[in-house]
Amino acid sequence: MGKLAVLSLSVAALAVLIGERVITLRHLSLYYRELTQNYLPNCHHIEGIECGAEDITILENGLAFLSTCVKHPDLPSYSDDPGKIYTLNLLDSELKIKALNIKGDFDKDSFNPHGISLYTDDKDGAIYLFVVNHPQGNSQVEIFRFVEDENALQYIKTIKHELLHNVNDIVAVGTESFYATNDHYFTNGILKFVEPFLSLPWCDVVYYSPQTVQVVAGGFLIANGINISPDKRHLYVSDILKHKIVVLEIQKNTVLSHVKEVDVGSLCDNIEVDRESGDLWLGCHPNGLKCVFHDPNDPPGSEVIRIENILSEKPRVTRVYSDDGSVIIASSVATQYGGKLLIGTVYQKALICDLKL
């Protein structure tokens with residue numbers, strides 16, 4: 001009877017723990033949140049994007065770069081083709097995407113692009129594109145040089161390191177240096193599920209240069225998007241399950257110090273920063289569990305959030321766009337240029353709208 005009682009108590013305790021974790025996970029994923037529709041004028045899908053534009057970033061001249069067709073084992077894929085990087089000239093009235101040709105000794109067949117970042121070298125004006133790549137489910141960073149007159153990417157090098165084990169997003173700070181987020185601590189599929197289930201804050205930010213590779217910030221439930229302020233003094237990181245944007249100050253030794261956190265009320269993915277105003281533009285998931293289940297009859301919605309004056313005592317958080325999935329599914333990035341707003345998704349389409357500022 002004693003053993004049976006212990007077993008019964010153990011089973012009951014486990015059931016209570018699992019029940020508490022399920023309730024907590026539903027709270028973290030905003031499962032019960034009601035979404036209010038908020039549309040923008042003159043929205044239309046970007047022709048040629050059918051398998052997602054997970055990340056988008058824009059040069060000062062209005063040339064947008066789109067990272068497309070990322071393959072993730074837990075999410076649907078609308079194409080078996082390798083991923084591609086496209087450009088879109090926002091000053092061209094036709095708004096047609098163009099695929100970038102990749103030159104050099106690079107395996108295009110296994111290209112699985114995720115987060116991207118642009119860096120312009122002050123010395124010679126050369127433009128570099130950094131791409132998080134997941135060939136065969138691995139994590140590595142590719143560095144390309146943009147050859148504008150050929151609409152091509154010249155392959156430079158691949159960076160692999162044990163600290164770059166689950167890279168989600170990246171922000172370049174030199175021709176071979178960057179900060180990157182790891183969105184999980186474990187690489188094993190089951191353990192990667194256990195992390196958010198137990199709310200383990202083990203995700204981190206890594207700094208990489210040819211001379212130094214180190215973890216410079218940690219304590220995130222899931223660290224997704226990362227970007228840098230126009231003055232290069234602060235980094236912004238999306239702690240997606242905490243529904244917060246974390247502000248970090250860059251120290252001289254590249255280590256980051258915590259400044260503040262801003263509540264956004266949504267599961268925000270990638271971060272784009274307006275180079276003139278410093279405003280943050282966020283592509284967000286209003287309901288995280290819908291992204292996990294991806295039921296076509298009840299699709300994940302999309303949301304775009306803007307943060308103004310993030311370093312002030314009272315940042316302004318505005319919901320610029322929201323949709324229940326009838327127009328665009330699982331938005332992961334948003335960025336604006338010249339009165340246009342681009343919205344990318346993890347695995348579906350991309351949208352462009354007129355922006356009401």
Side-chain angles (χ1 to χ4, degrees), residues 54-55 67 70-75 82-83 102 104-117 119 128-144 155-228 235-242 246 248 250-258 269-271:
E54 200 279 338
D55 204 3
S67 169
V70 65
K71 310 288 190 303
H72 191 284
D74 299 323
L75 295 173
I102 298 178
D105 186 17
F106 181 77
D107 183 5
K108 302 176 188 177
D109 293 335
S110 67
F111 194 32
N112 191 12
H114 197 173
I116 59 175
S117 179
Y119 180 80
Y128 295 86
L129 182 71
F130 289 61
V131 182
V132 177
N133 187 19
H134 301 293
Q136 292 83 45
N138 298 315
S139 278
Q140 60 195 51
V141 173
E142 317 291 357
I143 302 179
F144 304 93
Y155 171 66
I156 303 296
K157 67 186 300 184
T158 295
I159 295 171
K160 301 178 184 179
H161 194 276
E162 60 184 8
L163 292 180
L164 300 169
H165 48 82
N166 280 301
V167 183
N168 185 298
D169 199 15
I170 186 170
V171 57
V173 292
T175 58
E176 293 187 54
S177 57
F178 56 84
Y179 290 91
T181 55
N182 283 309
D183 58 20
H184 287 83
Y185 176 81
F186 296 108
T187 56
N188 175 275
I190 295 175
L191 293 179
K192 287 172 77 171
F193 168 77
V194 170
E195 276 185 67
F197 186 75
L198 295 180
S199 299
L200 301 177
W202 292 356
C203 296
D204 54 31
V205 175
V206 175
Y207 173 76
Y208 176 93
S209 75
Q211 298 78 31
T212 305
V213 187
Q214 60 181 333
V215 173
V216 289
F220 304 95
L221 285 183
I222 293 183
N224 271 48
I226 186 170
N227 218 316
I228 195 166
L235 284 181
Y236 308 121
V237 179
S238 173
D239 197 338
I240 189 167
L241 285 184
K242 289 184 180 178
V246 180
L248 303 163
I250 302 173
Q251 306 298 322
K252 291 183 179 180
N253 59 358
T254 71
V255 172
L256 308 175
S257 61
H258 183 276
D269 202 328
N270 291 304
I271 303 169

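All values derive from a computational prediction rather than experimental measurement.
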Side chains of V216 and L235 in contact at under 4.5 Å (non-hydrogen atoms): no
Does V167 offer a backbone N or O that forms a donor-acceptor pair with the side chain of H134 under 3.5 Å? yes
Side-chain touch I250/L256, heavy atoms, less than 4.5 angstrom: yes
So, taking the atom named CG in L129 and the one named CD in E142, what distance separates them when rounded to the nearest 0.5 Å? 10.5 Å
Using only atom types and a distance under 3.5 Å, with no angle test, would you say the side chain of Y179 pairs donor to acceptor with the backbone of T254? yes
May I ask you to decide if E54's main-chain N or O and N270's side chain share a donor-acceptor pair within less than 3.5 Å? yes
Spatial distance of atom CD (Q214) from atom CG (D204) [nearest 0.5 Å]: 11.5 Å
With distance as the sole test, does E195 use its side chain to make a donor-acceptor pair with the main-chain N or O of W202 at under 3.5 Å? no
Between F220 and V246, what is the shortest heavy-atom contact and its length? CE2-CG2, 3.9 Å
Are any of the side-chain heavy atoms of L164 and S139 separated by less than 4.5 Å? no
Does I116 offer a backbone N or O that forms a donor-acceptor pair with the side chain of D55 under 3.5 Å? yes
Taking every non-hydrogen atom, the tightest pair across P113 and G83: CD-CA, 3.6 Å
Of all the heavy-atom pairs spanning P82 and D109, show the shortest one and how long it is. CG-O, 3.5 Å
Please lay out, stage by stage, how F186 and V194 fare under the test side-chain contact (heavy atoms from CB on, under 4.5 Å). CA-CA 9 Å; F186 296 108; V194 170; 5.9 Å; no
When every non-hydrogen atom of F130 is compared with those of S177, the smallest separation belongs to CE2-O, 4.0 Å
Any idea which heavy atoms bring E162 and H165 closest together, and the distance? O-CD2, 3.4 Å
Measure across F144 and I102 and return the closest heavy-atom pair with its distance rounded to 0.1 Å. CE2-CG2, 3.8 Å
Going by atom types only, do Q136 and N112 share a side-chain donor-acceptor pair under 3.5 Å? no
Give the intermediate values and the outcome of side-chain contact (heavy atoms from CB on, under 4.5 Å) for residues S199 and L221. CA-CA 6 Å; S199 299; L221 285 183; 4.2 Å; yes
Between N168 and A223 (side chain of the first, backbone of the second, donor and acceptor by atom type, cut-off under 3.5 Å), is there such a pair? no
Looking at side-chain heavy atoms only, is the closest gap between D107 and P135 below 4.5 Å? no
Ignoring hydrogens and geometry, is there a side-chain-to-backbone donor-acceptor pair from D169 to I226 under 3.5 Å? yes
Do N224 and T181 have side chains that get closer than 4.5 Å, going by heavy atoms? no
First locate atom NZ of K71, then atom NE2 of H114, and finally report the distance between them rounded to the nearest 0.5 Å. 13.0 Å
Rounded distance (nearest 0.5 Å) linking atom CD1 of I156 with atom CD1 of I143: 8.0 Å
Count the heavy atoms belonging to other residues, nucleotides or ligands that lie under 6.0 Å from OH of Y185, then report whether that count exceeds 12. no
From Y119 atom OH to I228 atom CD1, the distance as rounded to the nearest 0.5 Å: 9.5 Å
Hey, are N166 and D183 close enough side-chain-wise for a donor-acceptor pair under 3.5 Å? no
Is it true that F106 and F111 have ring centroids separated by less than 6.0 Å? yes
Would you say L163 and Y208 make side-chain contact, with heavy atoms under 4.5 Å? no
Is the backbone of H184 close enough, under 3.5 Å, to the side chain of K192 for a donor and an acceptor to pair up by distance? no
